[in-house]
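All values below come from the heavy atoms of this structure, side chains included, with hydrogens, waters and symmetry mates left out.
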Amino acid sequence: MEYIRQPCPIRIVEDTGCAFMMGTIGGALFQYMKGFRDAPAGLRRRLSDGLVSVKLRTPGIAGSFAVWGATFSTVDCTLVHYRQQEDSWNTIMSGAATGGILAARQGVRQMASSAIFGCLVMALIEGAGSVVATIYADEDRSIAPGETQDKPQRPQWDVVQEGSQNDQPGHMGTSTHSMLDLVKMANGVIK
């Protein structure tokens, strides 16, 4: 199953909003736990300090996530426009560029290290996505002519001809196989 993304101008707004919501929800949970833990003794005091911490710090966290999402999507759309293809390299380069752009005020060394970190994180995410896609790929896809198949296929049973005497329910083909023969065939394919 392939995920179809929104076209580029809309994608920037959508990714910015999604990043803002992730920052809001995650930041609120984290800040509440931090405020609850750091409050003086007493349950009422801990509950109220958790809420105060959420009110004070969550908007900044959500805003930071939104800026990251907007920058990433803008760079990604720019790369899609110039390269005329949408692939994993765009995402990896967008992560590197976003890390570098957002760290630009801190100097060249910090900018380079943030760019490398953004590149590595996005490469790991893309790699994990590729692994999951490969695992869940359709096993019955056809092979193009001239290509060889590396992994063994399931046993191929003889095709039953319509109108033949072998059309009985439970019959697997034109020749009769015992259960032992079928198990041996399956073990030969698996090995």
Side-chain angles (χ1 to χ4, degrees), residues 1-139 151:
M1 181 172 93
E2 187 174 320
Y3 176 69
I4 306 296
R5 297 186 68 188
Q6 293 286 338
C8 262
I10 297 169
R11 183 187 308 177
I12 297 170
V13 175
E14 182 182 81
D15 287 351
T16 303
C18 289
F20 182 81
M21 286 307 299
M22 286 191 312
T24 301
I25 294 168
L29 291 172
F30 179 77
Q31 290 302 325
Y32 186 80
M33 288 187 288
K34 186 176 176 188
F36 185 86
R37 185 194 65 190
D38 293 341
L43 182 62
R44 177 175 282 179
R45 185 85 163 175
R46 287 179 183 256
L47 293 174
S48 67
D49 281 6
L51 289 175
V52 167
S53 180
V54 167
K55 288 180 194 176
L56 288 176
R57 295 187 184 99
T58 300
I61 293 170
S64 295
F65 270 73
V67 168
W68 195 94
T71 306
F72 178 82
S73 293
T74 303
V75 172
D76 191 36
C77 286
T78 303
L79 289 172
V80 167
H81 175 74
Y82 282 116
R83 293 184 69 225
Q84 294 297 314
Q85 59 184 346
E86 195 161 335
D87 58 1
S88 297
W89 288 108
N90 288 348
T91 305
I92 294 169
M93 289 187 288
S94 297
T98 300
I101 289 168
L102 294 179
R105 293 178 51 190
Q106 298 170 353
V108 176
R109 180 175 288 168
Q110 185 64 32
M111 192 173 162
S113 104
S114 292
I116 291 170
F117 182 75
C119 177
L120 291 175
V121 167
M122 295 314 294
L124 288 173
I125 291 171
E126 284 295 314
S130 296
V131 167
V132 169
T134 302
I135 289 171
Y136 289 109
D138 186 19
E139 294 179 2
K151 63 180 185 177

- Item | Heavy atoms of other groups near F30 CZ, more than 12 under 6.0 Å | no

- Query: Should we say atom CZ of R83 is surrounded by more than 12 heavy atoms from elsewhere, each under 6.0 Å from it?
  - Reply: yes

Could you tell me the separation between the [atom1] atom of [X] and the [atom2] atom of [Y], rounded to the nearest 0.5 Å?
X	Y	atom1	atom2	result
T24	M21	OG1	CE	5.5 Å
L43	S48	CG	OG	9.5 Å
L51	L56	CG	CG	11.0 Å
T58	I25	OG1	CD1	11.0 Å
N90	D76	CG	CG	5.5 Å
Q85	L79	CD	CG	10.5 Å

Exactly one of [options] should register a side-chain contact (heavy atoms from CB on, under 4.5 Å) with [X]. Which one does?
X	options	value
S113	M111, R109, Q110	Q110
Y32	D49, V52, V54	V54
F72	T98, L102, I101	T98

So which atom in [X] and which in [Y] form the shortest heavy-atom distance, rounded to 0.1 Å?
X	Y	answer
A96	C119	CB-CB, 3.7 Å
S73	D15	OG-OD2, 2.6 Å
G23	I61	O-CG2, 3.8 Å

- How far apart are the C-alpha atoms of H81 and C8, what are their side-chain angles, what is the distance that settles it, and do they pass the side-chain contact (heavy atoms from CB on, under 4.5 Å) test? CA-CA 9 Å; H81 175 74; C8 262; over 6 Å; no

- List for me each residue that meets side chain to side chain contact (heavy atoms under 4.5 Å, CB included) alongside E126, sequence neighbours excluded, and say none if there are none. S88, T91, I92

